[in-house]
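Note sheet for the following structure.
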Amino acid sequence: DTEVTQTPKHLVMGMTNKKSLKCEQHMGHRAMYWYKQKAKKPPELMFVYSYEKLSINESVPSRFSPECPNSSLLNLHLHALQPEDSALYLCASSQAETSYEQYFGPGTRLTVT
Amino acid sequence: QQPVQSPQAVILREGEDAVINCSSSKALYSVHWYRQKHGEAPVFLMILLKGGEQKGHDKISASFNEKKQQSSLYLTASQLSYSGTYFCGTGSYNTDKLIFGTGTRLQVFP
């Protein structure tokens, strides 16, 4: 099974809402990632978890809060977002960091109103 | 320091060949190649780890020149299914993160 699943597929939220994005993989991968992708742009790395610990935070605003409850799950908690945060949020996993291919989930299309 | 890809866009007829280049200003340890179709997630194509390494499967291959900090993706006898945006992703020695290149949009027509 080489699948990374993400829920929800679409999310519309107001600037005062709190919501969470979920990501799951069952490939035994030890690294998991959150990326943000704007239209016609490459994915931008937000966070990296390695062996369930946060290893990279790309100076992401605190209104985005990642969580890794276990080796298969990755959450992204959202609070007080801005309209410019509207984007496709991609989760990915790999056997370990950098030297291994990353498998991407289908993404969550987020719209902040 | 985002890797720069060239060309930005390519239009091909089925059966034609294309080369996509990826150039970095940083010393590279690895280069990944991904293809993303519209509205879908990026899909892994291949990874190159050593200087001067060349890899390929079917009609898609790639090379990595560590000294020049460059990689190229070669698409031969293109098929309609090759259409999409191609991204290189580069890994450097002093960081564990992958940085994606500017992207190359490839369209293949019958």
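To find a chain, count down the sequence lines: A is the first, B the second, and so on, and within it residues start at 1.
Annotation: side chain of B:Thr85 is not in contact with side chain of A:Pro42 (no heavy-atom distance under 4.5 Å). In this structure, the side chains of B:Leu98 and A:Tyr35 come closer than 4.5 Å at one or more pairs of heavy atoms. Counting heavy atoms from C-beta outward, A:Glu58 and B:Lys97 have side chains that approach closer than 4.5 Å.
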Problem - Audit row: B:Tyr34, A:Gln102, side-chain contact (heavy atoms from CB on, under 4.5 Å) steps and yes/no - result: CA-CA 9 Å; B:Tyr34 293 83; A:Gln102 295 186 17; 3.3 Å; yes

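Using a 4.5 Å cut-off between heavy atoms, A:Lys41 touches chain B through its backbone atoms (N, CA, C, O) alone. Contact annotation for A:Glu44: neither backbone nor side-chain heavy atoms come within less than 4.5 Å of a heavy atom of chain B. For chain B, the nearby parts of A:Pro43 are the backbone and the side chain; heavy atoms of each come within less than 4.5 Å.
Linking Ile, Leu, Val, Met, Phe, Trp and Tyr residues whenever their side-chain heavy atoms come within less than 4.5 Å places A:Phe104 and B:Ile47 in a single cluster. A continuous path of hydrophobic side-chain contacts links A:Phe47 to A:Leu110 [ILVMFWY only; heavy atoms under 4.5 Å].
Shown here for B:Ala41 and A:Gly105, the closest heavy-atom pair between the two residues is CB-O, 2.9 Å.
More than 12 non-hydrogen atoms from other residues, nucleotides or ligands lie less than 6.0 angstrom from CD of A:Glu84. Crowding of B:Gln8 atom CD: a count of heavy atoms from other residues, nucleotides or ligands under 6.0 Å not exceeding 12. Heavy-atom neighbours of B:Lys68 NZ from other residues, nucleotides or ligands within 6.0 Å: at or below the threshold of 12. B:Lys37 NZ: more than 12 foreign heavy atoms inside a 6.0 Å radius. Taking a 6.0 Å sphere around CZ of A:Arg30, one finds it holds more than 12 heavy atoms contributed by other residues, nucleotides or ligands.
Each of B:Gln36, B:Arg105, B:Glu40 has some count of heavy-atom pairs under 4.5 Å with chain A, and the biggest count is that of B:Gln36.
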